[in-house]
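Shown next, in structure tokens, is the structure this report addresses.
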Amino acid sequence: MIGGVCVNSFRNFSLEPYDCRLLIIGDSFVEGAAIFASHADRYCVKMKQLLNGSCAISGFGGAKTEQVADFYENYCKTLFRPDYVLIACGTNNRDYSSWLPAQQALIASVKAAGSIPILLTITRRVDTDNSAFIKQANAWIRSYSRELFIDINRITTANFDGETQNETLFCEDKVHPLPAAHALIVKRASLDVPEIFHLCKPG
């Protein structure tokens, strides 16, 4: 039989909580495919547990900040109404001049939706030399004092210098963090942005 189907409309929905304390959006660190056997050890899952489930998680591997910004604007912005949005991307970017406007647009979009953005500094990777970009991007994040941020760059580098990757905390690909690094990220979050773990509306 040959025929067709007429679709009047599509409706986006998510199994994650809509009216939540925190939305975590980002790349493969959030997705967790690199540590599939230890999927529950991701920092985003641990943070969700600390928030009694009031947290939505959305990450996809290989995403640059530009793609995360687009995904948030076109999907997450209508699917979730969080108090805070943790912006966890940048590892796949190389060019500061294209990263910065995407980062700024994402921050503006989060604020326009009535949420408070939280930034993450970007970890070093050894498989490619992105040191110049990392240095510029992290300097911008740390100096942009109007925003909350979690400094995961320093805690995952040797001697906390922000430049030399502590390879004991990363997978064999020298890009993705091991469960031990994810645990450090949760601890750093509790120090840098303790307000997100107080289950009350900001303001």
Side-chain angles (χ1 to χ4, degrees), residues 10-32 42-93 98-123 137-153 155 177 182 185-203:
F10 286 100
R11 182 172 66 90
N12 289 327
F13 70 94
S14 173
L15 297 178
E16 297 279 66
Y18 166 70
D19 193 1
C20 56
R21 182 65 171 170
L22 177 68
L23 166 64
I24 303 175
I25 54 171
D27 50 32
S28 56
F29 288 20
V30 177
E31 180 188 49
R42 288 172 294 158
Y43 73 84
C44 51
V45 173
K46 297 297 185 184
M47 290 176 73
K48 185 171 186 174
Q49 292 170 346
L50 290 173
L51 291 166
N52 298 321
S54 187
C55 174
I57 301 169
S58 181
F60 54 104
K64 293 183 178 181
T65 303
E66 298 91 321
Q67 294 168 303
V68 175
D70 181 71
F71 186 72
Y72 174 79
E73 180 66 29
N74 292 295
Y75 295 97
C76 296
K77 201 170 183 178
T78 56
L79 287 176
F80 307 106
R81 192 178 65 180
D83 296 331
Y84 297 89
V85 176
L86 181 60
I87 299 171
C89 52
T91 305
N92 297 306
N93 287 83
S98 61
W99 169 84
L100 183 58
Q103 180 85 340
Q104 291 172 320
L106 181 48
I107 290 170
S109 186
V110 168
K111 288 182 174 180
S115 301
I116 299 173
I118 303 171
L119 313 181
L120 262 68
T121 52
I122 305 168
T123 57
N138 284 337
W140 184 87
I141 291 170
R142 293 185 180 113
S143 66
Y144 201 55
S145 58
R146 286 173 292 173
E147 311 301 342
L148 300 173
F149 74 92
I150 304 170
D151 201 343
I152 69 171
N153 167 265
I155 63 171
H182 283 270
I185 292 170
V186 176
K187 185 177 181 179
R188 190 70 246 174
S190 69
L191 296 172
D192 288 347
V193 287
E195 54 266 58
I196 69 173
F197 299 106
H198 299 307
L199 294 179
C200 60
K201 291 285 184 181

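Values below: all heavy atoms of this structure, side chains included; hydrogens, waters and symmetry mates excluded.
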Open item on the list: What's the separation between atom OH in Y84 and atom CD1 in I24, rounded to the nearest 0.5 Å?
Closed with: 14.0 Å

- [ ] May I ask you to test the L22-P82 pair for a side-chain heavy-atom distance under 4.5 Å?
- [x] no

Open item on the list: Within the 4.5 Å heavy-atom criterion, are F29 and I185 side-chain neighbours or not?
Closed with: no

Open item on the list: Please determine whether side-chain hydrogen bond (donor to acceptor under 3.5 Å, both in side chains) holds for the pair Q67 and D27, giving the CA-CA distance in whole Å, both sets of side-chain angles, and the decisive distance to 0.1 Å.
Closed with: CA-CA 9 Å; Q67 294 168 303; D27 50 32; over 6 Å; no

Task: Atom NZ of K48 with >12 non-hydrogen neighbours under 6.0 angstrom - done: yes

Task: Non-hydrogen side-chain atoms of K111 and E147 separated by less than 4.5 Å - done: yes

- [ ] Could you tell me whether the side chain of R81 and the main chain of D19 form a donor-acceptor pair under 3.5 Å?
- [x] no

Open item on the list: Distance check, rounded to the nearest 0.5 Å: I116 atom CD1 versus E195 atom CD?
Closed with: 8.0 Å

Task: Test item: side-chain donor near acceptor, E73 and S109, under 3.5 Å - done: yes

TODO: Check whether any side-chain heavy atom of V193 sits under 4.5 Å from a side-chain heavy atom of L86, and report yes or no.
DONE: no

- [ ] Under the side-chain contact (heavy atoms from CB on, under 4.5 Å) rule, what do I155 and K187 come out as? Steps first, then yes or no, please.
- [x] CA-CA 10 Å; I155 63 171; K187 185 177 181 179; over 6 Å; no

Task: Spatial distance of atom OG (S58) from atom OH (Y75) [nearest 0.5 Å] - done: 11.0 Å

Open item on the list: In the structure I gave you, are the side-chain heavy atoms of C76 and L23 within less than 4.5 Å of one another anywhere?
Closed with: yes

Task: Nearest-0.5 Å distance that lies between atom CG in N92 and atom OG in S28 - done: 6.0 Å

TODO: Look at the aromatic rings of W140 and W99 and report parallel, tilted or perpendicular, splitting at 30° and 60°.
DONE: perpendicular

Open item on the list: Between L148 and D192, is there a side-chain heavy-atom distance shorter than 4.5 Å?
Closed with: no

- [ ] To the nearest 0.5 angstrom, please state how far the CD1 atom of I152 sits from the CG atom of L119.
- [x] 11.5 Å

Task: Contacts of Y72 that satisfy ring-ring contact (aromatic ring centres under 6.0 Å, His included) - sequence neighbours left out - done: none

Open item on the list: For a quick test of reading the model, state the closest non-hydrogen atom pair linking G32 to R42 and the distance between them.
Closed with: CA-CD, 3.5 Å

Task: Spacing of CZ belonging to F197 relative to OG belonging to S54, to within rounding of 0.5 Å - done: 12.0 Å

- [ ] Could you pull out all residues at least two apart from K46 that satisfy side-chain contact (heavy atoms from CB on, under 4.5 Å)?
- [x] D41, Q49, V186

Open item on the list: If I compare all heavy atoms of A189 with all of I150, which pair ends up nearest, and what's the gap?
Closed with: CB-CD1, 3.7 Å

Open item on the list: Side chains of I87 and Q103, heavy atoms from C-beta outward: is any pair under 4.5 Å?
Closed with: yes

TODO: State, to 0.1 Å, how close P117 and S115 come at their nearest heavy-atom pair, and which atoms those are.
DONE: CD-O, 3.7 Å

Task: E31 side-chain N/O to G61 backbone N/O, donor-acceptor pair under 3.5 Å - done: yes

Open item on the list: Contact between L120 and Y43 at the side-chain level, heavy atoms closer than 4.5 Å - yes or no?
Closed with: yes

Task: N138 (side chain) donor-acceptor with I122 (main chain) under 3.5 angstrom - done: yes

- [ ] State whether the side chain of T121 and the backbone N or O of N153 hold a donor-acceptor pair below 3.5 Å, judged by distance alone.
- [x] yes

